[in-house]
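Notes to accompany the following structure.
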Amino acid sequence: MKKLLSLWAFILVLIMYPTTAFAGENKKDSEDTKQTINLTINLQSLDETKESEEEQTKIRIRKSTSSKNLDLWDCYISKIKSGYIKGSSRTSSAVVADEIGCTIYFQMYDGSRWKTVGSKSYTNYNTDSIRKSCSIAVNSGKEYRVVVDHYAVFNGHKETVTSTSSSIYVD
């Protein structure tokens, strides 16, 4: 009888040990997956900063947590030539939207607050994405950024998110 109990105890230990080790591996795999996702997003950001000969600031790619259907959005600002800057935006949804669009706001820092100095709105219909850019003439010696309101309409319900670029100094 002692041998039978010992055998059952041994089998129980063998059964429980791999399960415990596997559960620990799952946690580590989950952490590795999160790091891989973050690294992938960072690499996508780096790839996006190489557009022709233009100087660009860091792109901020956002994954929606508050929106049901808006999937991914970003914006950035760049100097295109002396006295001009360009603001760019991309918005995408997980499904085709009735309407999808963005408003690009150019803002200048006046020493105490950000002031909107120009804007442009764009809209596409019956698609899942929109990518737009526009430029404006600016004063030198000032700091500028882009703020973008991204939106999409699904069956009459409008979802919106906002992104903000890093700032650049125009000399």
Problem - Pairing residues for D98 by the side-chain hydrogen bond (donor to acceptor under 3.5 Å, both in side chains) criterion, not counting sequence neighbours - result: none

Exercise for the section: Tell me yes or no: between the side chains of D149 and T162, is some donor less than 3.5 Å from an acceptor? Expected result: yes

Exercise for the section: For S78 and I80, indicate whether the former's side chain and the latter's backbone hold a donor-acceptor pair under 3.5 Å. Expected result: no

Fill in the blank from the handout: side-chain hydrogen bond (donor to acceptor under 3.5 Å, both in side chains) filter on Y105, not counting sequence neighbours, yields none

Practice task
Can you establish whether the number of heavy atoms outside N126 located under 6.0 Å from its atom CG is more than 12?
Solution key: yes

Exercise for the section: Taking the side chain as every heavy atom from C-beta outward, state whether S165 and R145 have any atom pair closer than 4.5 Å. Expected result: yes

Handout entry: For D171, all residues meeting side-chain contact (heavy atoms from CB on, under 4.5 Å), sequence neighbours excluded
Key = K79, Y169

Enumerate donor-acceptor pairs with a distance under 3.5 Å from any side-chain N or O in residues 135-143 to protein atoms, sequence neighbours excluded.
{"from": "E143", "atom 1": "OE2", "to": "S167", "atom 2": "OG", "distance (Å)": "2.5"}

Problem - Separation of R90 CZ from D74 CG (nearest 0.5 Å) - result: 4.0 Å

Problem - Contacts of type side-chain contact (heavy atoms from CB on, under 4.5 Å), residue S82, not counting sequence neighbours - result: none

Handout entry: Test item: I85 and F106 side chains (from C-beta on) under 4.5 Å apart, heavy atoms
Key = yes

Fill in the blank from the handout: Sorted by chain and number, sequence neighbours left out, side-chain hydrogen bond (donor to acceptor under 3.5 Å, both in side chains) with T91 holds for H150

Handout entry: Spatial distance of atom CZ (R131) from atom OG (S89) [nearest 0.5 Å]
Key = 9.0 Å

Problem - Smallest separation among heavy atoms of C75 and V148, with atom names - result: CB-CG2, 3.5 Å

Completion exercise
Output for pair (E159 CD, N69 CG), nearest 0.5 Å, gives 4.5 Å

Problem - Contact check, side chains of S92 and D128, non-hydrogen atoms, under 4.5 Å - result: no

Problem - ring pair (Phe, Tyr, Trp, His ring centres under 6.0 Å) partners of residues 114-138, not counting sequence neighbours, each pair once - result: Y109-W114

Exercise for the section: Could you tell me which residues satisfy side-chain contact (heavy atoms from CB on, under 4.5 Å) with S121, sequence neighbours excluded, listed by chain and number? Expected result: T103

Handout entry: From SG (C102) to CD1 (I130), nearest 0.5 Å
Key = 5.0 Å

Completion exercise
d(S129 OG, N124 CG) to nearest 0.5 Å is 7.5 Å

Fill in the blank from the handout: One should read off an interatomic distance between K68 NZ and H157 NE2, to the nearest 0.5 angstrom, of 8.0 Å

Fill in the blank from the handout: All heavy atoms of A94 vs all of D71, minimum pair found to be N-CB, 3.6 Å

Problem - Contacts of T123 that satisfy side-chain hydrogen bond (donor to acceptor under 3.5 Å, both in side chains) - sequence neighbours left out - result: Y151

Practice task
State yes or no: do V147 and Y144 share one hydrophobic cluster built from I, L, V, M, F, W and Y residues joined by side-chain heavy-atom distances below 4.5 Å, directly or via other members?
Solution key: no

Handout entry: Nearest non-hydrogen partners of I104 and C134, listed with the distance
Key = CD1-SG, 4.2 Å

